[in-house]
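Below you'll find the structure, written out as structure tokens, and then a few comments.
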Amino acid sequence: MQIKTVIGFDIDEAKRFLESGETVGIPTETVYGLAANALNEDAVLRIFAVKNRPHFDPLIVHTHSTEEIKKYTEEIPDKAAQLIQQFMPGPLTLLLKKKKIVSDLITSGLDRVAIRIPNHPMLLQLLAKLDFPLAAPSANPFGYISPTTAQHVFDQLQGKIPYILDGGPTLVGVESTIIGFEKDEATVYRLGGLAVEDIEKVIGQVNIQVNESSNPKSPGMLKSHYAPKKNLVIGQLDDLMMQNTGKTIGVIAFDKYIDGIDKKNQILLSPTGNLNEAAKNLFAAMRKLDDSEVEKILAVTFPDEGLGRAINDRLKRASA
Ligand code: TXA
Ligand code: MG
């Protein structure tokens with residue numbers, strides 16, 4: 001059944017839909033989310049249905065304060081407390097032992113819940129007005145590129161959700177960094193909008209265990225993800241161009257155009273060579289080339305530092 005989808009700026013309208021168990025598109029600083037009442041199982045089920053998302057892939061819970069985090073988690077290890085203090089609200093998600101009140105539907109039966117305080121003024125206002133937290137995955141159909149504008153959400157979920165709260169283009173542009181804690185150790189499970197270097201300045205060295213398998217049982221982090229419909233390849237552009245002569249090629253580059261390819265089919269993610277700006281522009285660039293006339297998309301490898309690591313991770317998954 002198709003319903004009418006409205007894009008608007010009305011926080012109270014979004015609140016009404018969420019209170020009645022509907023799903024709503026919400027802005028965050030990372031990517032747009034598809035939100036529903038995290039304490040209402042029927043509403044949570046709707047998220048999976050709208051996204052076509054398998055139930056083995058757990059959801060992140062969004063809330064607006066440390067007090068709220070404590071309502072849903074059993075304990076906050078020291079390192080987690082330090083990260084909350086330093087980086088929340090912000091593009092960081094913590095895996096913490098869940099309380100019973102958090103449904104197994106949200107965690108896919110795992111005993112930890114992924115929880116974060118997003119840094120977006122409209123969303124923080126909305127969360128403060130609600131008496132429940134919001135479960136929200138990125139607002140894209142399962143496996144496709146995450147949305148960084150309200151229009152992206154509309155383009156893909158139109159007819160399936162009643163409302164999209166428009167908070168402008170997202171400022172970070174890649175999903176939150178996910179980190180968990182075992183004994184005294186911290187492990188990053190998804191490279192994202194908060195750089196590992198920044199985390200390490202606060203809690204010391206962390207493990208990085210970014211899952212690259214395509215085993216659907218390991219939650220999240222599926223290998224083929226964030227994927228455009230067109231074939232995307234990354235690496236040494238000279239070699240890639242040789243292999244693809246005669247094709248119309250689109251390029252995702254960092255700060256310089258690639259010789260020998262029509263500039264109108266090339267997108268520079270940051271002409272000034274700034275990795276934060278590049279991350280912010282990444283998903284929109286992938287969408288633009290996907291919707292253009294190019295037959296194949298080539299992407300350069302970005303510097304393996306700061307948000308460059310999250311960019312390379314997303315490109316790798318998009319090419320899988
Ligand atoms: O920036 C973000 O985190 C965005 C915005 C909307 O907040 N959300 C987002 O959600 O990226 P989603 O569902 O697209 O990705 C969440 C990832 C998935 O890979 C999921 O498997 C993992 O987090 N995850 C969620 N709960 C988990 C848990 N309890 N244990 C391990 N991984 C979990
Ligand atoms: Mg996602």
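Residue numbers start at 1 and run along the sequence shown. When a ligand or atom number is given, it counts from 1 through the structure's own listing order.
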First locate atom CD of Q82, then atom CD1 of I76, and finally report the distance between them rounded to the nearest 0.5 Å.
12.5 Å

Subset of ligand 1 atoms that lie under 4.0 Å from at least one heavy atom of S176
1 (O), 2 (C), 3 (O)

For ligand 1, which atoms have a heavy atom of A114 less than 4.0 angstrom away?
25 (C), 26 (N), 27 (C), 29 (N)

So does S138 have any N/O/S atom less than 2.8 Å away from the Mg ion (ligand 2)?
yes

Polar contacts were defined as any N/O atom of the residue lying under 3.5 Å from an N/O atom of the ligand; does this apply to H62 and ligand 1?
yes

What do we get for I178 next to ligand 1 when only non-hydrogen atoms under 4.0 Å count, side chain, backbone, both or neither?
side chain

Heavy atom to atom 1 (O) of ligand 1, shortest distance: which of T28, T30, L123, T170 holds it?
T30

For the pair K264 and E293, find out whether any cationic side-chain nitrogen is under 4.0 Å from an anionic carboxylate oxygen.
yes

Proximity to ligand 1 by part of K98, non-hydrogen separation under 4.0 Å:
neither

Does atom CG of D12 have more than 12 heavy-atom neighbours from other groups under 6.0 Å away?
yes

Over 12 non-hydrogen atoms of neighbours within 6.0 angstrom of NZ in K230
yes

Location of contacts on L95 toward ligand 1, heavy atoms closer than 4.0 Å:
side chain

Tell me the contacting part of R112 for ligand 1: side chain, backbone, both, or neither, using a 4.0 Å heavy-atom threshold, strictly below.
backbone

